[in-house]
*Asks:* 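The structure under discussion is supplied below as C-alpha cells; questions concerning it will follow.
First the proteins, then the strands, lettered A, B, ... as listed; each starts at 1.
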Amino acid sequence: MRRVLTLGLVVGGFVVQAVSYLLLAAPLGIPTSEAFSNPRVPFAAAFFVLGVVMVFTAALVYELLPDERSR
Amino acid sequence: MARYGMVIDLDRCTGCRACMEACKVENNTPEATFWMYVFRFEEGQFPNTHQWYLPRPCMHCDNAPCVKVCPVGARFKREDGLVATDTDRCIGCRYCEVACPYGVNYFNWKSPKKAYYLDWNDPDLQPVTNGDSPPYRNPDLDGRYGPEGRRTAGGGHAKGVIEKCTFCVHRVERGLKPACVVNCPLFALHFGDLDDPESEVSQLLRRKPHFRLLEEVGTRPRVYYTGGNPPVAATRQIEPVKGRV
Amino acid sequence: MAITRRTFLKASGAAGSTAALASLLAARPKTLTAAPPAAAAGPAEEWVPTTCWIGKQDCGMLARRISGRVVKFEGHPEHPLNRGTLCPKGVAQIMAVYDPHRVKTPLIRTSPKGQPGTWRPATWDEALGLVAEKIREVRVRDRRLLLWQKGRSKAEAFYDDAFVKASGATKLHHGAFCSDAGYRACEYTIGPHGVLHPDFRHCRFLLAWGWNITNAGGNKLCWITWPQQLVQARERGLKVVHIDPRLRGAGPFADEWLPVRPGTDLALAQAFAHVLIAEGYVDREYLVRHTNAPFLVGEDGFFVRAGGKEQVWDPVTRRPRPFDAPGPPPALEGEYAVGGTRARPAFQVFKDHLAGATPEWAAEICGVPAESIRRVAVQLGREAMIGSTVVLDGMTLPYRPVGAMLYHVAQQELGFQMVRAVLHVFMLLGAVEAVGGPRIDLTWKPHANFEKLDRITIKDPPYNVWLQDSQFFPINSNNSSIVARVLQDPAKYGVDYVPEVMVVHMANPVLSFGSPADILEGFKRITFIAVIDPWLSETADLLADVVLPAATVEKYEGPSKASDQYVDGVALRIPPMAPLFQSRGEIDIYLDLCERAGFLYGPGGYLDELNKALKLRDEHRLPLDRKPAVREIFDRWARSEGIAEGVAYFEKKGVKVKGPVKAAKIYGFAQDPPFDGLRHRLYGESLLRYREQMKARGVPELYWRDYTPLPAWRPPTMWSSPPSYDLTLISFKMIEFKQARASQIPLLAELAPEQRLDINPATARARGIGDGDWVWVESHNAVTGQTRRIRVRARLTEGIRPDVVGMPHHYGKRNHPWTRGQGPASSELFFTGEGYVANTADQSFLVRVRVIRA
Amino acid sequence: MAVKPLTLPWYGVGRWSGGWYAAAALALALVALGAVAYSLQLSQGEVVTGLRNVGTMRGATWGLYVAFLVYFVGVSFAGISTAALIRLLDLRPLRAVARMAEVLTVIALLLGALSVIADVGRPLRALVYLPTYARPMSPFFGTFTLVIAGYLYASLVYLYLDGRRDAALCAQRTSGRLARFYRLWAAGFRDTAEARRRHERTTFWLSLAILPLLVTAHSTLGVVFGLQGGRPGWHSALQAPGFVVLAGISGVGHLIVLAALVRWLLDERERLDLTVFRWLGNILLVLTLVYLYFTVVELLTATYAADEHETRVTMAVLTGPYAPVFWVSAGALVAAVALLGRQFLTGRYGVGLTALAGVLVNAAAVGKRYLIVVPSQTHGTLLPYGDGAYLPTWVELAVIAGLLGLGAFLFMVFMKVFPIIEVPEPSEGGR
C-alpha cells in the first residue's frame, strides 16, 4: 500500500510535470498564436511546480506512512 | 491579413528628430524616454569625415528575443507583425530589455505624475487641463487593442512596467500610420503591409537596396533601411540626448 | 544638342514633380486596413486648422482637440510650406502652450532696472494705461523718443506697418541673426530684397555656402520647405558642394566639402571668378545687356559720362556712346582713350582686379586646396551650360542650373562685399535670376533700395539713433547692436537725443543679439520699456517696466504668405483654443494700446493705417470710428481678398492655396524687358563716391576702407588679435531650437541638453582636452583689446576645421526651470561695432578665441 | 515559559546568551534598514536605485539585486550537494555539517526568492502572474519552477526527514511548547532498526533524485544569461557549467565558514574535527581550480579572435571601469587556491586558513556575479550608444544588507531551537 502510493506519487508527479509543460504551457503552434504569449490554461506553471512537489512528497509518504504489518 | 513593417530611407533623413517629438507627444512618453530615437553618427577623420543619421524605432522582430524571454507573456507578437507590450501584464522584471540587442525598451522608473518634465498641477492650469498630466494626454492610449483586447498602447505609463515603440497600434487599428511616419518632414519613414507586393513599402524595397539592423543576431526585424549602410565599430555617436532621469 | 538637353529637361522636370507628389501622398494612409469602428471609440475629437507659432515660416497645422483641449499639433497636408509635416519645434510647442511658467497676468516692475526684476501682478487696465500714458506723452514732445522693436516677423501689416506708422515710432531692425549685409548687397547689386537661394526645381549644381541644411532655414523660407525641395532635387541628381568650416550643416548631403577658413569667403569667391574668366565661362550677352559691365570707367574709378549718361565703347565706330544708344554690342574688354583720359570697360577693370586672385592665392587665405577650388569652379562653369535655354510656360528663358544657398554667412565683417563677390561669380555665368540659377526673392520684385542705396547723400550730424545717412555707415541696416553702441555714447556718433520709451514685442535683444553686454548697457538708457511676450524674457526681466503677457498660438494672427516659390498660398493663424491664463493676442493688445494712447480712430490712426496695410478695398474697409473685434478685421480682409466665406473659410480650411506660380512672376529674365530694364551693378560706382565723401569728412579709414567699387580682399580685423587667440569661433543654429525661447520647451531641451563647444580632436588633444571636459572659451576684441570668457563642455568632432571652434546659439536663458544648467549664450563672446562690422552696420558672428581647460 | 537548559549533545539549543541577543539585534537592525530602503523604492519607484535603461540612458537595468539573486541561489548549492554526497558516497565524517548545510540551502533559496521580488517593478503582480502565466520559453521558467519552488521544497523535505530522529530525542528531553514542536517534527518516530533502514533508503533515493535537479537548477540560471545572443559577454555555452561550478564554490565556501563559526561558538572540536575541514577544503580546492580554468578559457576566447563588441566588454572588465572588481575577485580565488593547495600538499590543515579561503571565494563569487550581470549591459550594446555606467545606490546596498541580516537571523534562531549538528548515534558514543 505505502509503496504503491509512493510510486504513484513519483509517477504521477512526473506525469503532471509532462502534461502541464507540454500540453498547457509549451509554445506549440505558430509563434504569433495565443499559445505563444499565454499558457493554454492559466496556472500551468503552478501545475508544473505541483508535479515537482509531488515527486518529492513521495519521499515523505514512503518514510512517514506506517507499514500495514507494523499495525 | 496585413503584416506591417517600416522602411526608412536614409538618403532622406536629415536627423531632425521630429519623429522623436511626434512620438513623444502622440504617445505621451515620460522624460528621457524615446520609443523612437534618431542616432547622429560620425565616421572618418577631418577632412574626410562622414556624418549621417539613423532613426531607431522598435524593430518589431519576427524572431524577437524580448518575446521569447518574457516570463509572463506581457511581451508578445501579434498576427499583424507588431510586437506588443501588455502593460497590465508586465511584472517589470526587465528581462526583455537585457535580451533586446537594439536598446528600445524603456522602464517607467518613476510614477507618471513625477515624470512629465514640469509640474502640471499648477492651479491656474487646472481649469483648462482638469488635472490631466500631461495636458496633451492622448485618451486613445488607454484603449484595448488586438483580438485579445489587451492594453498595449502604453496608456498611463504606470510606474514599474516596461514599454517601447508600439508602432502606434492605436493609430494602426484606426487605419492611420504611426505618428513618426506621418510627421517626417522629409518623408523618409514609410509604413505599410510588407506582405502586399503593391504596398508602398514593398515597392520601395524592390526599388532600392536595403539592409536591416544587426541581422547577424537573427532577430529578423520588420524595419528595413534603404540608402546608406549599417553602423560599424568605428561609428561614433554625436549629439546624444539627455539620457538619465 | 540644345534641343535634346531641353527635351530631356522637361521630361526630368515632370518626372521630378510627380515623384515629389507621390512622396507627399506617401504621408497619407493608403495600405492600412482599418479596424472595425468598435476599436475607434473614445471622447469627442475635432481637428482645427491653425498656423505654427514657434518658428520663422508659419507652417500650416491641424490641432487635434479632445473635448475642447488641444492635445497635438500635426502638419497641415494642404499647406505648401510643410505639406502635412512639422519640425521638432512645431510638434513640441504643444508643451509651450500649457507651460505653467508663462507670464500669466500683466506685470509691473517693483525693483530697479538692470538686474533681474521683482514684479507685482496688475490688471490689463492698469498696465495698458501706464504704457499708453508714456507713449502719449513722448509723442507730443518728440516722436523720435519712441522706439519699437519686434522679433519674429508675424502679421507685419498689423505691427510693422500699421502700428509703426500710426504711432510714429522709430522701428528697430527685427532679427537677431538676420543677414543684413546680404540683403543690402543683393538690393544694391541685383535689386530684389533677399540674399541667395537656389531654384531647386531646376538646379543641378548647388553651392551650399554656409548653409546649415539639416538644422536651419535659409533665405526667405525656413527649414521644412528648403530641405523638402533639396531632397527632391537630389533625387533628380542635384550635386551639393558644402562651403563651410563645419560639416554638420550638410551632413550626408555634402557631395564635396570645402572647409573654408571663416571670414575668407570673399577671397574664395574671387578665385572662383578668376578661374571662370580664365576658362572662358563668361556669359557676355548677359553682361552686356543686363549689367553695367560695359560702362567705361575712367582712371579716377568713376564712370565716364556725357550729358549725365554713362558711356560704353562702340567697337565698330571705335567711339564711346551712351549705354542706352542703339548699336552693336559694346566692348567688355580693352583700354580706350576717351576725352583725354584712359578708360576701361567695367568688366576689364573687374578682370584686372581679379588678375592676382588665383586659386593658389585663395588657397593660402582660405585654407582650402587650390585644386579643389579650381575643380569646383570649373564644374560650376561647365554645369552652368552658358547659352542653353529652356521653355517654361511657353517662354524661352536662359537655363543655368547652378545655384547657391547663401544666407547667414553674410554675417561677417566683410559680409556686404563678400556677397557681392559671390553675386559676381553667378553674374559671370549669367545665372542670376535665370531658370535654375540663384534667386534672391521668391518672385521678381526689385526693392526701392536698388535706387536708394545708389543715391545716398551723406548728411552732417546730428543723426538719428541708427545713424541713417551718416558718415560712419552710409549703407545702414539699423541693427540694434549698433543702436546700442550709439545709445552708450550718442555724442561720439553725433546723435543729439536718447529715446525714452520703447515697446519690445516678442524680441529678446538682451540675449539674442551679438554682444548682449552692449545691448544691455545701451538699452538701460531708455527710461521706460514695455515688453510684450508670453514669457519673462531676459529683456523683460532686466529692462522692462511693464510686461504684457501675449498669447502663443491661441490667437488670430496673419495673414501669412504660404508660398514655397512654386505654389502660392495665404494662411491665417486661427486660435485652436482660448488664450491661456490672462494672456491676450497681440492685435487685441495693440488695438487697446492705440485707443488709450489716442491714435486708434480717425485719419492716420491705427485703423486707417490698417486699411492701407491690409489693402482693404471699399466696403470692406474698417470704419475709423469704432474699435473692431480681431475676428471682424480678418473677416473683412478675407472678403476684400475675394473670399466669399470671409474668415470662416480659414477657420474651416486654415490655408488658401492659390496654385502654381507662373514663371513670368518668378524669373527676372521672364520680365519684359528682362529685369524691368534695370542693369545689375557689377561695378559699384556709388560705393566709391561714398568713400570719397567719407574721406573728405575726415572719418577714420576703418569706416570707409571697404567702400570699394569692386569687392577687395583684406584680412578681417579680428586677425590682428594676439596670436595666443589662435582659434576662430563660429556660431550656428540647431534644428531643435529657434529663438532662445524654444530652449525652454522641455521636450526640445532634453534633445540638446546643454551648451557645447564643437572642437576638432587634434586641436583638443593639443590642449589636453577630452570629450565632455569643461573648457574656458575666451574671445578678444582686436580693436578695443577687451576680452570675454564663458565656460562650456568640449564636444569632439572630426567635422570641423582644426583652427575653428563652433558653438550653437539658443542657450543662455535664466528664467525657466528647464533652462537652468543649459549654459551661457554663445552671443556673449561676440563683439559688435567697428572692426566687426564694415559697410552695413549690422553684426558679425566671428571672433578670435582661445580655449583652455577649465 | 523557560526551557530547561540542555547539556551536550544538544549543541546549545535553548541556551539564549547575551551575545546571541546582541547578534540577533544587529541582524534585525539590518533587516529594518533593508525594509526602510525597500519601502522607499516601492513608493518612489526604482528611480531611487542606480539602475537605468540600457541604450539612450546608458545604464544597466539589472544590477546588484540580480547579482545577489544569482549569488544566493549559488550558495544554496552547498546543502543538498553535501547531503547528497554524504549519502551516496557514504562520507561519514561529513555528517556533522549535513544539517547546517541543509539549513543554509533553505535560507539561501529564500533570500534568492526575495531578491527577485526586490528587483521587479511590480512585486505583487509577479507573485500572482508568475504562477498564472509563466511561459516555458522564458529561461526564468526554470528559475521559478525548478530552483525557487522544486529545489526549495526538496531541501525542506530532506531537512525534515533528516531531522526526525533528533526531533524525537529532543521531544523526550523537553517540555512545553517546544516539545510539541519537536513531537510534530518527529511525527511518531520510533528509533527502531526498521525505521533507520527505511530512512536510509528514502534519503538515498532522495539524494539520487536531487542531484540532477541540482545541476539543472543551476544551469537554468546560467541559461538566463547564456542564451542572449544580443548581449556580448553573456552569449556563451560556458555560462551554464560555469554557474554550476561557481555555485559549488560559493556554497561549499559558505559551508566551511559556517562550520568554523559553529565549531568556535559551540567549542565543538570533536564532531567538527579537522577531517571535516580537510574534506570540504579539498572539495573547494578542486571546484576553484576548475573555475579558474573556465575563466582562463573564457578570457582566451573573448580576447583572441572575438568581434569588437565582445572585446569591448572584456576590456571594460580587464582594464576599464570594472577592472578593480575583476582583479580583486580573481586575486581572491588565486589566494584561496594557494591556501588550500598548500594545505593539500603539506597535509597540514588548519580550520582558520580553510575558513579564510571560504571567505575569499565568497567575496570572489559576489564580485564575479556582479561582473557577469553588469558589464554586458553598460558596454555590450551592439548599436553605438556609447559606454554606460552603473553604481548601486544606498537603497540597493541597504536592501541586500537587509537580506543578509535576515539570513543570519534565521540561522541563529534555528540553532537555538534545533541541534545544528546531527545528534550522534549511541554507537558513536555520544556519552
*Asks:* Give the member of C/Lys89, C/Met95, C/His101, C/Met734 that has the highest number of heavy-atom pairs under 4.5 Å with chain B.
*Replies:*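 Highest number of heavy-atom pairs under 4.5 Å: C/Met95.
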*Asks:* Sort B/Cys184 into side chain, backbone, both or neither according to what part of it lies under 4.5 angstrom from a heavy atom of chain C.
*Replies:* backbone
*Asks:* Shorter than 4.5 Å, heavy atoms on both sides: which option in B/His50, B/Glu26, B/Met20, B/Arg137 has the most such pairs with chain C?
*Replies:*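 Highest number of heavy-atom pairs under 4.5 Å: B/Glu26.
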*Asks:* Provide the closest heavy-atom pair for C/Leu86 versus B/Ala18 in the form atom of the first, atom of the second, distance.
*Replies:*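 So the minimum-distance heavy-atom pair works out to O-CB, 3.5 Å.
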*Asks:* Quick check: do B/Asp119 and C/Pro100 have side-chain heavy atoms less than 4.5 Å from each other?
*Replies:* no
*Asks:* Within the 4.5 Å heavy-atom criterion, are B/Thr14 and C/Phe253 side-chain neighbours or not?
*Replies:*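 Yes. Closest side-chain heavy atoms under 4.5 Å.
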*Asks:* With a 4.5 Å cut-off on side-chain heavy atoms, are C/Ile94 and B/Glu21 touching?
*Replies:*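 B/Glu21 does not reach C/Ile94 side chain to side chain.
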*Asks:* Could you state the interatomic distance from CZ (B/Arg40) to CD1 (C/Ile735), rounded to the nearest 0.5 Å?
*Replies:* 8.5 Å
*Asks:* Can you tell me how far the CD atom of B/Glu239 sits from the CG atom of C/Leu751, to the nearest 0.5 Å?
*Replies:* 11.0 Å
*Asks:* Any side-chain heavy-atom pair from C/Arg69 and B/Asn130 closer than 4.5 angstrom?
*Replies:*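 Answer yes - side chains close enough.
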*Asks:* Only pairs of heavy atoms separated by less than 4.5 Å count here; which of C/Ile224, C/Leu247, C/Leu748, C/Val231 has the most with chain B?
*Replies:* C/Leu247
*Asks:* Under 4.5 Å heavy-atom distance to chain B, tell me which part of C/Arg234 shows up: side chain, backbone, both or neither.
*Replies:* neither
*Asks:* Any chance you could measure B/Asp11, atom CG, to C/Glu235, atom CD, to the nearest 0.5 Å?
*Replies:*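 With rounding to 0.5 Å, CG (B/Asp11) is 7.5 Å from CD (C/Glu235).
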*Asks:* May I ask you to decide if B/Leu118's main-chain N or O and C/Trp818's side chain share a donor-acceptor pair within less than 3.5 Å?
*Replies:* no
*Asks:* Is there side-chain contact between B/Leu125 and C/Leu580, with heavy atoms separated by less than 4.5 Å?
*Replies:* yes
*Asks:* Within the 4.5 Å heavy-atom criterion, are B/Phe34 and C/Glu750 side-chain neighbours or not?
*Replies:*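 Result yes, sub-4.5 Å side-chain heavy-atom pair found.
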*Asks:* Could you give the distance from CD (C/Glu754) to NZ (B/Lys242), rounded to the nearest 0.5 Å?
*Replies:* 11.5 Å
*Asks:* Taking the basic N atoms (NZ, or NE/NH1/NH2) and the acidic carboxylate oxygens, is any pair closer than 4.0 Å for C/Arg795 and B/Glu42?
*Replies:* no
*Asks:* C/Arg248 versus chain B, heavy atoms under 4.5 Å apart: side chain, backbone, both or neither?
*Replies:* both
*Asks:* Quick one: what part of B/Glu43 sits under 4.5 Å from any heavy atom of chain C, side chain, backbone, both or neither?
*Replies:* neither
*Asks:* Which bit of B/Met1 comes within less than 4.5 Å of chain C, counting heavy atoms only: side chain, backbone, both or neither?
*Replies:*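 It is neither, since no heavy atom gets under 4.5 Å.
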*Asks:* For residues B/Val25 and C/Phe73, determine if any side-chain heavy atom of one lies less than 4.5 Å from a side-chain heavy atom of the other.
*Replies:* no
*Asks:* A quick test of your reading: do over 12 heavy atoms of other residues, nucleotides or ligands sit less than 6.0 Å from NZ of B/Lys208?
*Replies:* yes
*Asks:* If you measure from CG on C/Asp758 to CD1 on B/Ile238, what distance do you get to the nearest 0.5 Å?
*Replies:*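 If we round to the nearest 0.5 Å, C/Asp758:CG and B/Ile238:CD1 are 8.0 Å apart.
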*Asks:* Quick check on the interface: out of B/Asn183, B/Asp122, B/Val241, who has the most heavy-atom pairs with chain C under 4.5 Å?
*Replies:*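 Among B/Asn183, B/Asp122, B/Val241, the one with the most close pairs to chain C is B/Asn183.
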*Asks:* If the plane angle is over 60° it's perpendicular, under 30° parallel, otherwise tilted; pick one for C/Trp257 and B/Phe46.
*Replies:* perpendicular
*Asks:* Examine whether an atom of B/Pro240 lies under 4.5 Å from a heavy atom of chain C, and if so say whether it belongs to the side chain, the backbone or both; otherwise answer neither.
*Replies:*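 For B/Pro240, the backbone is the part near chain C, not the side chain.
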*Asks:* Is there a ring pair (Phe, Tyr, Trp, His ring centres under 6.0 Å) between B/Trp120 and C/Tyr98? Walk through the geometry before answering.
*Replies:* CA-CA 9 Å; B/Trp120 300 112; C/Tyr98 295 104; 7.2 Å; no
*Asks:* Is the shortest side-chain N to carboxylate O distance from C/Asp771 to B/Arg236 below 4.0 Å?
*Replies:*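 Result for this pair is no, no salt bridge flagged.
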*Asks:* Where does B/Cys19 contact chain C at under 4.5 Å (heavy atoms): side chain, backbone, both or neither?
*Replies:*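 Contact with chain C involves no heavy atom of B/Cys19 at all.
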*Asks:* When rounded to the nearest 0.5 angstrom, what is the spacing between CG in B/Asn138 and NZ in C/Lys72?
*Replies:*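 Here the interatomic distance stands at 8.0 Å.
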